[in-house]
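A, B, ... follow the sequence lines: proteins, then strands. Residue 1 opens every chain. Every heavy atom of this structure was used, including side-chain atoms; hydrogens, water molecules and symmetry mates were not.
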Protein chains: 2
Amino acid sequence: MTPQRIDRSVLKELDIFATMADEDLDAVLQSAHTRRLATGVSVFNQGDPAAEFFALLHGRLKVTQTAPDGQQILVRHVHPGDIYGIAKAIRRSDYPGTATAVVESLTMVWPINQWDFLVARCPALAVNALATVGARLQEAHTRIRELGTEGVERRVAHALLRLVHQAGRKTDEGILIDFPITRLDIAEMTGATLHTVSRLLSAWEGRGLVSSSRKKIVVCNPHGLVALADGRAEQD
Amino acid sequence: MTPQRIDRSVLKELDIFATMADEDLDAVLQSAHTRRLATGVSVFNQGDPAAEFFALLHGRLKVTQTAPDGQQILVRHVHPGDIYGIAKAIRRSDYPGTATAVVESLTMVWPINQWDFLVARCPALAVNALATVGARLQEAHTRIRELGTEGVERRVAHALLRLVHQAGRKTDEGILIDFPITRLDIAEMTGATLHTVSRLLSAWEGRGLVSSSRKKIVVCNPHGLVALADGRAEQD
DNA sequence: CGGCGAGTTTGCGCAAGGACAAAGATGCAT
DNA sequence: ATGCATCTTTGTCCTTGCGCAAACTCGCCG
């Protein structure tokens, strides 16, 4: 499938471009192209020279980071409308993580040198990017606090609620996390082992809080999960 | 002591203003004033409406964040030359944490409404702030990785090395962390208890890695500490 | 349609480090 | 000078959740 024509209106969906004038949007479109991503394919790898930056149009990505000793964490998921891979904006010359499609996805791509050009032309871009990165920083601090002060059960509950917030879709059994996610993914998000996550989900399933199967999680009782996350013991 | 006259040259020391033209610097100075902070005094408190933003000239601050359940973490230290409290830049109307002077300090202060004004006048400000926040985000991810995958000993070793990097001063016994810091502070930086931190420092002191006393830590053998942080067992 | 690989479940034992407790140092304040 | 608040050390016990091991299930690919 050949890269398709993208319309200005698509860009306006992206927070980062939302405040830009039409002619600036056209300039942004000029230098962009799109790329299809099959499930499991990586957009960039940790350590690669940062040659491009991106915005996700459809699908989902996960961003992981691996330590020298091989230990891996899941940094965040990328959802439609998010920009990502903006290493240049934070003055890195390489990507600090690896971005991988967890479902078939479609992304916009810009050559990295366009960043400075676009920012010069439209300073609001830097301001918007600052807000985006700031929001990520706050979420990171929240995770640090959880990792430092809460037990595994509460951390996993928080992570699940965050996923519900980011990618929840109502169904008749409850709220579905609307992309494939494994026990290992959740373990890497929460600093647990996949074994512990599996045990927790089994226990919760028994209590009717969630309903899960292979790569799929439905939260049946969000209220109960919030109680768990807040550390209030569940009482039936 | 009355607020003293600040010179342009002072601003140029701050990363965030480093690239600005002289007349812009003067505009920045116009709206600024300075404030002395006695040890233990807070500059702003978590949840306060964000009315000002700041840059530290002398001294040290610590930024803490407290969860609803009272659990606290130490988010970071603020060093001379850092800007902080820029809630507005990341579109928050309140401060997400509390900043407290750990030694007598001197800070610059701007009314928050100056932020938009200054950014409009000098877009480089947003670009520089983006780089600063980006660097903090990367550090936060590193901490998340450590918290999720490493044991307490390695985490404390990493935290200590980071402190050495940020505020190390050579002395003849080794590298001194150049501001008062308690076991509890380190515990709140690493997700440990002050008891465990105390035990670790005692053990390390026995091995000649560090030398510590009340609110004071000297790293005697940085190389050995790096070995610990990397998870390579120490062999004498 | 059968096999294989990725993902999941579950059991068991153990170790890291937290909880609790109490005593000891240090230095500031009056 | 002395007393108190803050910070630190150390001991003992006990829980959390990880390590290891093994079986099981699902769905896809040939």
Tell me whether the OP1 or OP2 atom of [N] has a side-chain N or O from [X] closer than 4.0 Å.
| X | N | result |
| --- | --- | --- |
| B:Thr196 | C:dG18 | yes |
| A:Thr193 | D:dG17 | no |
| A:Thr182 | C:dG7 | no |

Rounding to a whole Å, what distance do you find between [X]:[atom1] and [N]:[atom2]?
| X | N | atom1 | atom2 | result |
| --- | --- | --- | --- | --- |
| B:Glu150 | D:dC18 | CD | P | 15 Å |
| A:Leu184 | D:dC18 | CG | P | 13 Å |
| B:Asp185 | D:dT6 | CG | P | 14 Å |
| B:Lys216 | D:dT8 | NZ | C1' | 15 Å |
| A:Leu194 | C:dA6 | CG | P | 14 Å |
| B:Ile181 | D:dC7 | CD1 | C1' | 13 Å |
| B:Ile186 | D:dC7 | CD1 | P | 13 Å |
| A:Glu153 | D:dT16 | CD | P | 10 Å |

query = Nearest of D:dC7, D:dT8, D:dC18 to any side-chain atom of B:Ser198?
reply =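 The closest nucleotide is D:dT8.
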
task = Tell me what A:Leu201 touches on the nucleic acid: a base, only sugar-phosphate, or nothing, going by heavy atoms under 4.0 Å.
result =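 Counting heavy atoms under 4.0 Å across all strands, no contact is made by A:Leu201.
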
query = How are the rings of A:His77 and A:Phe179 set to each other: parallel, tilted or perpendicular (split at 30° and 60°)?
reply =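 Judged by the thresholds at 30° and 60°, the geometry between A:His77 and A:Phe179 is tilted.
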
Quick one: the side chain of [X] and the base of [N], do they pair up donor-acceptor inside 3.5 Å?
| X | N | value |
| --- | --- | --- |
| A:His195 | C:dT8 | no |
| B:Arg183 | D:dT9 | no |
| B:Arg199 | C:dG18 | no |

key: Pair B:Arg154 + A:Asp69, salt bridge at N-O below 4.0 Å   =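 Counted as a salt bridge, because a side-chain N and a carboxylate O are separated by less than 4.0 Å.
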
key: Polar contact flag, side-chain donor to acceptor under 3.5 angstrom, B:Gln138-A:Arg92   =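 Side-chain D/A pair, B:Gln138 to A:Arg92: present.
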
Polar contact flag, side-chain donor to acceptor under 3.5 angstrom, A:Thr66-A:Gln72 =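 Their side chains do contain a donor-acceptor pair, which is all the 3.5 Å distance test asks for.
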
task = Would you check, one step at a time, whether the test side chain to side chain contact (heavy atoms under 4.5 Å, CB included) holds for B:Lys216 with B:Val218?
result = CA-CA 7 Å; B:Lys216 179 184 150 211; B:Val218 179; 4.0 Å; yes

